[in-house]
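In what follows, a structure is listed as structure tokens, so that the remarks can point back to it.
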Amino acid sequence: MKSLLIVLFVSISSLTTFAQDESTMNATYEGFVNDAYVFTDGEGERIEFNNVSNQVSAKYDLKGTKFVGKQFSITFTVDFELDEDDEEIQVSTITGLLMPE
């Protein structure tokens, strides 16, 4: 019985994915530049995002120019991956995007 519980626990644990921490910020969209979604925050700092979720891309066409200059509330995650040189790089993904009315 004890070994059955251990096997069950390991099986369930291996199927569980841990949620990433999401952050939120307000920024102005500058455009899609060099394969990155570029925003500028209220202090003039440039922020680049590598990816957008399918839900966001279905609602907002950020590769076009329609939303350039618009203010957004951005929800995003940041991951770290290894590149082809085995160097750690930051990969940021927009998971939610709201344009205040």
Side-chain angles (χ1 to χ4, degrees):
M1 181 68 170
K2 186 176 181 180
S3 61
L4 178 61
L5 289 175
I6 292 171
V7 169
L8 182 60
F9 175 75
V10 170
S11 297
I12 292 173
S13 296
S14 66
L15 295 176
T16 304
T17 56
F18 294 96
Q20 299 171 333
D21 288 335
E22 289 187 323
S23 299
T24 303
M25 66 178 294
N26 293 321
T28 302
Y29 187 57
E30 301 298 330
F32 187 70
V33 181
N34 297 327
D35 292 328
Y37 303 92
V38 180
F39 291 80
T40 303
D41 69 9
E43 298 173 5
E45 185 175 337
R46 180 180 165 131
I47 300 98
E48 296 183 2
F49 295 93
N50 308 91
N51 304 308
V52 295
S53 70
N54 290 338
Q55 181 182 10
V56 169
S57 62
K59 187 172 181 179
Y60 298 101
D61 176 18
L62 295 178
K63 290 187 178 178
T65 59
K66 179 179 179 181
F67 297 106
V68 171
K70 303 291 184 185
Q71 179 80 20
F72 286 94
S73 176
I74 308 161
T75 304
F76 62 95
T77 60
V78 177
D79 290 321
F80 293 93
E81 298 177 358
L82 295 177
D83 66 6
E84 58 274 353
D85 297 325
D86 289 332
E87 293 184 23
E88 191 172 73
I89 58 170
Q90 179 177 312
V91 178
S92 51
T93 302
I94 298 173
T95 58
L97 198 60
L98 292 173
M99 188 168 52
E101 296 179 20

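From a predicted model like this one, the values you see are computed outputs, not experimental measurements.
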request  = List the steps and the verdict of side-chain contact (heavy atoms from CB on, under 4.5 Å) for Phe39 and Asp41.
outcome  = CA-CA 7 Å; Phe39 291 80; Asp41 69 9; over 6 Å; no
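Checking Glu22 against Thr75 by side-chain atom types alone, no donor-acceptor pair falls below 3.5 Å.
Closest of all the heavy-atom pairs between Val91 and Asn50 is CA-OD1, 3.3 Å. In plain terms, the two heavy atoms of Pro100 and Ser73 that are nearest each other are CD-N, 4.4 Å. Contact record, Glu30 with Val68: O-CG1, 3.8 Å, taken as the closest heavy-atom pair. The shortest heavy-atom contact between Tyr29 and Val38 is CD1-O, 3.4 Å.
Here the straight-line distance linking atom OG1 of Thr24 with atom CD1 of Ile74 works out to 9.5 Å at 0.5 Å rounding. The line from CG of Asp79 to CD of Glu88 is 10.5 Å long, rounded to the nearest 0.5 Å. Rounded to the nearest 0.5 angstrom, Leu98 CG and Asn26 CG are separated by 10.0 Å. Here CD1 of Ile94 is found 9.0 Å from CZ of Phe72. Values are rounded to the nearest 0.5 Å. How far CG of Asn51 is from CG of Asp35: 10.5 Å, rounded to the nearest 0.5 Å.
The local environment of CG in Asp83 is crowded, with over 12 non-hydrogen atoms from other residues, nucleotides or ligands closer than 6.0 Å. Counting non-hydrogen atoms of neighbouring residues, nucleotides and ligands closer than 6.0 angstrom, the CG atom of Asp85 exceeds 12 such neighbours. By the 6.0 Å contact criterion, CD on Gln71 is enclosed, its count of non-hydrogen atoms from other residues, nucleotides or ligands being greater than 12.
A donor-acceptor pair under 3.5 Å is formed between the side chain of Ser92 and the backbone N or O of Glu48.
Under a hydrophobic clustering in which Ile, Leu, Val, Met, Phe, Trp and Tyr are joined whenever their side-chain heavy atoms come within less than 4.5 Å, directly or via other members, Phe32 and Ile47 fall into the same cluster.
For the pair Met25/Phe76, a side-chain contact is recorded, criterion being any heavy-atom separation below 4.5 Å from C-beta on. For the pair Glu87 and Leu82, the minimum side-chain heavy-atom distance is 4.5 Å or more. In this structure the side chain of Arg46 reaches within 4.5 angstrom of the side chain of Val33, judged on heavy atoms. Contact check for Leu62 versus Leu97: side-chain heavy atoms found under the 4.5 Å cut-off.
Annotation: Tyr60 is in aromatic contact with Phe67 [ring centroid separation under 6.0 Å].
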